[in-house]
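Because only heavy atoms are used, hydrogens play no part in the values below, and waters and symmetry mates are left out as well, while side chains stay in. Atoms within a ligand are numbered from 1 in the order they appear, just like the ligands themselves.
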Amino acid sequence: MSKKIFIANWKMQLSPAEALKTAKDFVRVFKNFKGTAVVCPDFLSLSGVAKIFKKSPLLLGAQDVAAFERGAYTGEISALDLAAYNTKYVLIGHSERRSYLQENDKLLAAKIRMALSQKIKPVLCVGENAAENKQGKEASVIKTQLKGALNYLSDNGVRSLLIAYEPIWAIGTGLHCHPDKALKVKNTIQDLCKRAGLKKTPILYGGSVTADNAADFLVPGGFDGLLIGGASLKADSFKNIVKL
Ligand code: PGA
């Protein structure tokens, strides 16, 4: 049985009707699955997908969470409610949210705190843009992105964070990061986590993952899992990555 973690990020790509249909396809294909496969639908589809996943080995994830528990926060979704629908993972600080919605490190640390308060595993996304990559600045960019969250976690004795390395230029472009280069970044992340007192932090790769390149990131000593966007929108293509 694979110990790797596979997370499907459906973003805002499917209508609720399409999401429910796709969720049913996933349940059929993953019927006897024994590993960790997580699906993050949009919020409108989340409760319907939760029902469909009830007796399946598939786990539910969310694409975001509010930084506050409850109150006058128009448009936000509470970790309390995600937990009530059996949400087990939540993406925090996806680059699309960092860039389009100006999410900053302080806010992301608060979201991590909220997720953990409800025993939902936060998956903190980090990654450099194309210009930073060209200048070889990926390590310093990632250091900065991780700093706020890691300080919070080590101050509070938290151990249950996941990190997804997703170079922005690789997301949705068909240009995945060369696995050797990605693994160097993974080692940097691992060192930073160790220095912050975190012992076991699963580190995932994301960015144009397909069935053709997935195995290159999952070699021994490689990544602990994958975060998959485009190739996770169909049960069969996700299955080919997970290699059922
Ligand atoms: P992609 O998206 O697999 O379509 O590149 C990954 C992500 O944004 O999580």
N/O donor-acceptor pair under 3.5 Å between K243 side chain and N240 backbone: yes
Counting from 1, what ligand 1 atoms have a heavy atom of [X] closer than 4.0 Å?
| X | result |
| --- | --- |
| H94 | 7 (C), 8 (O), 9 (O) |
| K11 | 2 (O), 7 (C), 8 (O) |
| G172 | 1 (P), 4 (O), 5 (O) |
| L227 | 9 (O) |

Consider every N or O of [X] and every N or O of ligand 1, then say whether any pair is closer than 3.5 Å.
| X | value |
| --- | --- |
| T173 | no |
| G207 | no |
| A231 | no |

Nearest to [atom], what protein heavy atom do you find, and at what distance?
| atom | value |
| --- | --- |
| atom 4 (O) of ligand 1 | G230 N, 2.8 Å |
| atom 3 (O) of ligand 1 | G229 N, 2.8 Å |
| atom 9 (O) of ligand 1 | E166 OE2, 2.8 Å |

Aromatic plane relationship, F217 with F223 - under 30° parallel, 30 to 60° tilted, over 60° perpendicular: perpendicular
Under a 4.0 Å N-O cut-off, is there an ion pair linking [X] with [Y]?
| X | Y | value |
| --- | --- | --- |
| D191 | K194 | no |
| R70 | D81 | yes |
| D25 | K21 | yes |

No-hydrogen, no-angle side-chain donor-acceptor test under 3.5 Å, N32 and K34: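 N32 vs K34: no donor-acceptor pair found between side chains.
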N9 contact mode with ligand 1 (heavy-atom cut-off under 4.0 Å): side chain
Test item: K111 and L107 side chains (from C-beta on) under 4.5 Å apart, heavy atoms: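 Touching, per the 4.5 Å side-chain cut-off.
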Distance-minimising heavy-atom pair for I241 and L226: CG2-CD1, 3.9 Å
Residue-ligand contact H176/ligand 1, heavy atom below 4.0 Å: no
